[in-house]
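Quick note on labels: first sequence line is chain A, next is B, and so on, each numbered from 1. Just so you know, these numbers use all the heavy atoms, side chains as well, and skip hydrogens, waters and symmetry mates.
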There are 2 protein chains.
Amino acid sequence: MPPRSYVSPARSAAAAETRERVIEAASRTLREGESIARFSLDTVAKAAGVTRLTVYNQFGSRRGLLEAVFDEIARHGGLHQLADAMAMADPCAALDRMVEIFCSFWSRDSAVGRLHDAMATDPEFAEAVSERNERRRRAVTALIDRIAGKTASPQARKDAVDLIFALTSYPTFASLSAGRSRDEVCRVVQGACHAALAPLINPSSPRNG
Amino acid sequence: MPPRSYVSPARSAAAAETRERVIEAASRTLREGESIARFSLDTVAKAAGVTRLTVYNQFGSRRGLLEAVFDEIARHGGLHQLADAMAMADPCAALDRMVEIFCSFWSRDSAVGRLHDAMATDPEFAEAVSERNERRRRAVTALIDRIAGKTASPQARKDAVDLIFALTSYPTFASLSAGRSRDEVCRVVQGACHAALAPLINPSSPRNG
DNA sequence: GATTGACTATACATTATGTATATCTAATTT
DNA sequence: AAATTAGATATACATAATGTATAGTCAATC
């Protein structure tokens, strides 16, 4: 006879609450630890007050947990403001706003730095994070298309997109953060992005002859 | 009685040869493996035809081996050309040349990428690599001091140095390398560096009011 | 009251770093 | 020639982490 299965509101709610508690414990562990090296499921499980096997039940693997933490941070990191920024009339002002939004995002939770570190040792996790970054690339591309003059070559557009994509990445943010506040980093990145735009608007002065 | 010790030319030569063989095997393993995750001393030892304990005898630890590989790559990576570049009369041309040199360096051996990945999981190794990068920072600082007009503020100089430091870093190179040849990346980075210089030469147009 | 879902307890397999001890071999010293 | 020494080896062990397997607990649902 086939097993009868059912959905339980109380059980699902409890499971969801457990899941949230584990994610919270994981991001706290990431924040407090001084490197991703010491981030173990054992530590997370103890911090969340559950068993290590519960973590596997909920997330399948270490990578699954890391992805869940990343998504949780992204959900509360203010990236939803990107839609408003993209709707602005002036694309240059929109770009400035985008830089602000991502500087806030990278600086909001130190766990994002640790998550980027985790990309180094787990190629599949790296791909998962890269896919999430593609949203930023699409936004940059859309703005460049609006900003660029009709005479701007496809190559110049591509260069500008990739350069601004790199300038708004986490590694650049982290590098510039040594000795700078979030707002100061934001200002420097905005300036660099403006400069990256110049050859698009005034193509009469190519940067290399 | 005190133990008598001696130095043996043949022994030292053999040891040095073994050391070289292990370093070669390690960098080959780094190049061929698809991530730093699978880089184990066991694999390296087998590839070099020695025992894992020999690796420990020579390098002390996994980190010691990675540092040795990094230094070996740096020794043959063309960074010695930096001295000639710094001696150029035109500091802007020197900067262009510096970008060239580092683009060559980052692209020369794919093992450097894996070594940068290793920084994520080993803070002390990260510090060791960062110290070696300080040479690049000093070179940039020296060039900026020569390029900047007398009216350029210390803040503007610092911003330019840190921005160019970030633009010539490995993460930026790796990011721009998607779909670009080494020379194309070099051209894009050079353009961005020129743009970063603008506020130093013509401070009448600050980038943020 | 029987069953099911989430969690637990315990054990095990695997892989990696790093340490300890004894042994082997060829180069060097006496 | 014999003793010694440096470098490499063989073997074993300690530790920690991921991931899997199996059985058991307990409350919610049928």
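- In the set D:dT18, D:dT29, C:dT8, D:dT29 carries the atom at the smallest distance from any side-chain atom of A:P9.
- Rounded to an integer number of Å, the gap from CD of A:E17 to P of D:dA28 is 14 Å.
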A:R21 vs A:E17, salt bridge (charged side-chain N to carboxylate O under 4.0 Å, His left out): CA-CA, chis, key distance, verdict: CA-CA 6 Å; A:R21 217 166 64 233; A:E17 200 260 341; 3.1 Å; yes
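- Of the listed nucleotides (C:dG18, C:dA27, D:dT18), C:dG18 has the atom at the smallest distance from the side chain of B:S61.
- Ring geometry, B:F102 versus B:W106: the interplanar angle falls from 30° to 60°, so the pair is classed tilted.
- Atoms CZ (A:F39) and C1' (D:dT18) sit 13 Å apart, rounded to a whole Å.
- Atom pair A:D42:CG and C:dT10:C1' shows a separation of 14 Å (rounding to whole Å applied).
- Nearest to the side chain of B:T18, among D:dA8, D:dG19, C:dG18, sits D:dA8.
- Within 4.0 Å of A:S12, counting heavy atoms only, lies no atom of the nucleic acid at all.
- Among C:dT17, D:dG7, D:dT18, the nucleotide with an atom closest to any side-chain atom of B:A15 is D:dG7.
- A donor-acceptor pair under 3.5 Å links the side-chain atoms of B:R146 to the main chain of B:A89, judged by distance alone.
- In this entry the distance linking NZ of A:K46 with C1' of C:dA9 reads 14 Å, nearest Å.
- The closest donor-acceptor contact from the side chain of B:T54 to the backbone of B:V50 lies at 3.5 Å or more, if one exists at all.
- Per the geometry, CG belonging to B:N57 stands 14 Å off P belonging to C:dG18, to the nearest Å.
- Each of A:R52 and B:R11 lies near DNA chain D, and the nucleotide nearest B:R11 is the one positioned closer to the 5' end.
- Of the two residues near DNA chain C, A:G49 and B:L53, the one whose nearest nucleotide lies more 5' is A:G49.
- Within the nucleic acid shown, A:R62 comes within 4.0 Å of sugar-phosphate atoms alone, with no base atom in reach, counting heavy atoms only.
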Using the side-chain contact (heavy atoms from CB on, under 4.5 Å) rule, take B:T121 and A:S35 through it: C-alpha gap first, then chi angles, then the decisive distance, then the call. CA-CA 7 Å; B:T121 47; A:S35 120; 5.8 Å; no
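- Between B:R38 atom CZ and D:dA17 atom P the separation is 20 Å, expressed in whole Å.
- The CG atom of A:L41 sits 11 Å away from the P atom of D:dT20 (whole-angstrom rounding).
- Nucleotides of DNA chain D nearest to A:R63 and B:T51 differ in position, and the one nearer the 5' end is that of B:T51.
- With rounding to whole Å, B:Y56 atom OH is found 17 Å from D:dA14 atom P.
- Donor-acceptor pairing under 3.5 Å, judged by distance alone, is absent between the side chain of B:R19 and the base of D:dG7.
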